[in-house]
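To start, the structure itself, in structure tokens.
Quick note on labels: first sequence line is chain A, next is B, and so on, each numbered from 1.
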Amino acid sequence: MSTKQEDIDVSVWRGDPHSGNYENFKVPAQESQTILDVISWIQQNQDATLSYRFACRVGMCGSCAMMVNGIPRWTCRTHLNKVLNGNKLVVAPLRNLPVIKDLVTDMDPFFDKWIAAEGLHHPSKTRLDPIEEIEPKSIGRVEIDTGIECINCSICYAACDTVTNNSDYLGPAALQRAWTVYNDVKDADKQTVLDAVSGDGGCLNCHSQGSCSVHCPNDLNPMNAIAGLKRATVASLFSRKG
Amino acid sequence: MIRPHRKHSLWLAYILHRISGFCLAVFLPFHFYLLALALTEPDRLDGFLSWTDTPIVKLAEFGLVFLLAVHFFGGLRLMALEFFPWSTSQKTLAALAIASAFLVATIFFLQVI
Amino acid sequence: MTLNIDIERQQTDILILGTGGAGMFAALHAQQTAPAGTKITIAVKGLIGKCGCTRMVQGGYNVALGGGDTVERHFMDTINGGKWLPNQDIAWKLCEQAVIRVRELENEVGCFFDRNSDGSLHHKAFAGQTADRTVHKGDLTGIEIINRLMEQVLSRPIEKLQEHRAIGLIPTKDGSALAGVLFIDMRTGKFRFVRAKTVMMGTGGGPTMYKYNTPSGDKTMDGLAMALRAGLPLRDMEMVQFHPTGLLAGEHTKMTGTVLEEGLRGAGGQLLNGAEKRFMFDYDELGERATRDVVSRGIYEEMRKNNISKNGGVFISMAHLGPETVRKKFSGMVKRCADSGFDLASGLVEVVPTAHYFMGGVVVDSDTRTAMEGLYVAGEDAGGAHGSNRLGGNGVANSTVYGGVAGDVMGRDICKMITLRDPDEGILNEEIKRALRPLSLKVGNVQKLRHRLQEAMWEDVGVMRTEIGMMRGMARVADVKADLLETGVANDNLAFNLTWHDWLNMDSLCDVSAVIAKAGIARENSRGAHFREDFPESGSMINSYFTLTQKKGDKICVTREPVQFTIVKPGETILPDHEPATLVGV
Amino acid sequence: MNIRLYVLQRITALIMAPLTLGHIAVMIYAVQDGLSASEILGRTQGSIIWFLFYGTFVVAVSIHAAIGVRVIVSETFKFVGFTLDAFAWFVLLAMLFMGGRAVLAVTLL
Ligand SMILES: Cc1cc2nc3c(=O)[nH]c(=O)nc-3n(C[C@H](O)[C@H](O)[C@H](O)COP(=O)(O)OP(=O)(O)OC[C@H]3O[C@@H](n4cnc5c(N)ncnc54)[C@H](O)[C@@H]3O)c2cc1C
Ligand code: HEM
Ligand code: SF4
Ligand code: F3S
Ligand code: FES
């Protein structure tokens, strides 16, 4: 970027759960500037009431995701140059989640579904037992490794149109987590996981749109994990009958 | 306009599959109706079959075959994705499916001309 | 000002502040230990599990669980690393319980730590330790720990108050016990007072009053500022740990200050000054591989000599190791730098020492109890475990171990507490008034004040300190605080009003900054993270003292307390005679 | 989408796949040779093989399409419960009826 300061035209969605519209700001361009920096600059210098959420600022906490020029992104690690469309930037709250205010969404539905998908460990041992020997190259572990570094940023959830169209759908992140639980040799209750993900809002609703995998900032592949769940679900149907 | 988060081959494959499936579901009853004509009025069927020689109908036919081909290969792609633990890039498969669909349809098209 | 605002009031049995390692473990253990029917509430400034620093843990978790390592060795390393200042009972329990806590994390919570190819737990080496004892999940250990904890907490019948910021510990009228905690519900801007029989505070300190800092944005010393106002004694408040390599990318970006991992230097990364010359060997024979505090001071010295890079720091260079190797070995860091516009693999990246961890905290016993009945403190908010320096890997061990301890202790103590206590309404009103203050003042720019505070602390109470500097720092902090008290925030919409919270953040940061400077002046020697240019010697070990800060009336009093060597004395060890000094590289 | 519907949709798709290929082959053959309607019918009518061929296809496609359209309608128009099921059954029966008539016309008589 040139050293002379140019202004960027930023449209920011403002509003509450009931109504809202875009407001325009001019923000001086800087070297090494992220979308989060742009938003913070507006709040600190132009409109003190602008609301947004962040915590870690290094792509670990998954609280800062927003729609940036129509694409869900982690704003703390999105460099302005990467997304600038001419001189324009449009920032809106994440899709598919209720808005609290301005750029802040209520992430509870996302986490409720995480739990509804049984995306949690079901212990088979206690703190008094030694740590289990598990080879890192074992099949289950290799599968888990492809999905475990999820930061629950909800970007995939915002990208998925099935989530938009079907309010019961558990969504890519929750299902991916369920898949990792299902593959964990330490987990004591895989049937519960399978039951949770094969019901009405479960993995069978996924149409393999792939937006989850395309937009995941950590290059995870929920689509693949969901396919795994579909297989397991179908397999268990036949094995139970047979 | 396709919204930005949808601009990638996997989503396009999805929407193509959905549209083709839907259109097929709408078209097929007409096709059936046409065939059933044979039951009572074989002449009108013949009349229709010759009518299909006109270019515009040929194009429509091409479209329908294309739909079927697209849906067919798209469906196989989906089931491959779902049933086989997948290794190679999904996108290539999607593109391949559409390309093959085109191929079959075009061959058919060339044949009928 | 007349107080005519509605406060929502509610009550619970066990209230927990914060959802880092400390808060989450407190919730889980309280739920396991407390009698059935006990109501547990967890309140947090951000979203559950998505804020705080436990999530940001990269390196890993120290635990003596193999390779010949023992709890005794871990303990000795902790005491030596802390330069004999730690509370030994607390440090001992930390090392001892870490073993159980890691097994709990693996077996009950569902974490998975990296394994060797034969399936056994992998331990990596962390600087300053005599055994390879750090368990980890790649370099994203914190995400694994907190995500798994978060799932467990979310799936249990625990009341959740998210985006609820604690602003005051409200005692009973006689001041002897805690009645409850005052919050702002950030989403609405309304006040909420929650009475509880026991409260655990795990708000995680966070030295974000420095120009360069690593913690997450929500951490602004609220807990210690509240404890200070409540008159609780605080210890080791001069002890701020700096990480030598924070990313430097200019003042306008939040990326500045974030950690570039320790492993870069360990693997042979070189630090270059503005003239692109290596300089660390001018300061220490270990060069870049010296300990955090030494390297931080080396860089700081170089900066003072004005041998600086464009943004005023130095460079880290990895390219000589081969860009491909770097890209493979540090893929996360390379990607992060690239996202921010820097080429770590083959270019130069600007770095600067950055405030990382706060060793000081509330005085607690090894059961996390404090001087105030009903209040328990764990994690980075609690003092004593680390003394003058925290070992890499002991931070998350501390928060998870003592969070669990607090949960267990509260779960048991609650049985003895029949009724809730009544708050001192006067103090409650005072706290509300304090929070409302900016809303009736002329609107100003809070961010500018934050920059002033951060400059002052960085320059005068930072990596290298002198009495004159710290006196000047104190005056500058007082100035900022005075200006803050005259700076207003627009009051038209209090819902999710970040600027109002920035103001409150500043209020906490100013109060604790003043204490850091004052405690720094009181320690007239150099230990661990505290380096006095006017007192460079470490002083007599056997006569070690720690600083104790307490607010009495309107005055902040700092005293020195002798360290009690309850387990081991300086010059001695509890390792058996035949044990080698170090297991690393053996 | 429940597991029954899902499996049915996939199974019917698998059944249709070879049938579709076969059908396209027949069509190309027919068009190539310039067969007239009556010539075609002459070959298919009265053939139990062709009856089974197209009969299976009609049953499969009816089930497959009914489920498919059901999904689309529920996602697009938020149909739920009885309305949704009634709609799907209607599509199924309509397809079966139309398709059934056609198969009869083409293969029996
Ligand atoms: C980048 C980084 C890397 C690190 N790497 C390591 C490592 O490798 N190994 C290691 O051992 N340690 C490491 N640490 C240190 C370690 O993260 C901390 O020591 C430890 O996690 C602290 O845990 P905690 O529970 O006390 O606080 P945190 O995890 O910080 O949690 C504090 C919680 O309190 C909440 N809170 C704050 N204020 C309020 C308020 N007013 N009201 C309500 N809630 C509030 C916060 O939002 C947060 O949820 C690292 C720290 C950082 C910043
Ligand atoms: C010829 C072989 C066919 C195959 C292999 C096939 C395969 C599939 C598959 C796998 C799906 C599921 C898609 C998803 O869940 O996203 C599907 C959906 C669908 N199919 Fe087919 N199909 C075939 C033929 C047909 C025909 C002939 C019709 C029309 C009559 C049809 C109509 C539909 C419809 C409407 C959908 C729903 C689309 C959606 O949910 O987006 N299919 N098909
Ligand atoms: S899968 Fe990726 S996009 Fe989805 S929540 Fe996890 S990290 Fe975010
Ligand atoms: S975008 Fe949605 S439809 Fe499936 S593949 Fe991903 S969850
Ligand atoms: S602020 Fe944590 S991921 Fe962006």
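Ranked by non-hydrogen atom pairs under 4.5 Å with chain C, the options A:Lys82, A:His122, A:Glu132 are led by A:Glu132. Among the candidates A:Glu135, A:Glu149, A:Arg141, the residue making the largest number of heavy-atom pairs closer than 4.5 Å to chain C is A:Arg141. Of the residues considered (A:Asn152, A:Ile151, A:Leu50, A:Thr34), A:Asn152 shows the highest number of contacts with chain C, using heavy-atom pairs under 4.5 Å. When A:Asp102, A:Val58, A:Asp108 are compared by the number of non-hydrogen pairs under 4.5 Å with chain C, A:Val58 comes out ahead. Options A:Asp184, A:Leu128, A:Val38, A:Thr78 differ in how many heavy-atom pairs under 4.5 Å they form with chain C, and the most are formed by A:Leu128. Here A:Ile148 is the residue among A:Asp16, A:Ile148, A:Leu36, A:Ile144 with the most heavy-atom pairs under 4.5 Å with chain C.
Remark: side-chain polar atoms of A:Lys125 are not paired, donor with acceptor, to backbone N or O of C:Asn107 under 3.5 angstrom.
Taking all atoms of both residues into account, the shortest heavy-atom contact from C:Asn147 to A:Cys150 is ND2-O, 2.8 Å. Of all non-hydrogen atoms in A:Asp219 and C:Lys335, the two that sit nearest each other are OD2-CE, 4.0 Å.
Using a 4.5 Å heavy-atom cutoff, the side chains of A:Met107 and C:Lys50 are in contact. Using a 4.5 Å heavy-atom cutoff, the side chains of A:Asp145 and C:Lys137 are in contact.
Remark: the A:Gln43 side chain and the C:Asp502 side chain contain an N/O donor-acceptor pair separated by less than 3.5 Å. At a cut-off of 3.5 Å, with distance as the only test, no side-chain donor of A:Thr49 or C:Asn493 sits close to an acceptor on the other residue.
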Quick one, C:Phe342 with A:Ser32, criterion side-chain contact (heavy atoms from CB on, under 4.5 Å). Give me CA distance, side-chain angles, the key distance, then yes/no.
CA-CA 9 Å; C:Phe342 304 102; A:Ser32 323; 3.6 Å; yes

Working for salt bridge (charged side-chain N to carboxylate O under 4.0 Å, His left out), residues C:Glu151 and A:Arg177
CA-CA 10 Å; C:Glu151 296 158 2; A:Arg177 172 60 184 136; 2.6 Å; yes

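Heavy atoms closer than 4.5 Å to chain A are found in the side chain of C:Gln447, but not in its backbone. Heavy-atom distances place the side chain of C:Arg148, and not its backbone, under 4.5 Å from chain A. Heavy atoms closer than 4.5 Å to chain A are found in both the backbone and the side chain of C:Ile100. In this structure, chain C has a heavy atom under 4.5 Å from the side chain of A:Asp106, while its backbone stays farther away.
The cationic atom of A:Lys186 (NZ for Lys, CZ for Arg) does not lie both less than 6.0 Å from the six-membered ring centre of C:Phe112 and within 45° of the ring axis.
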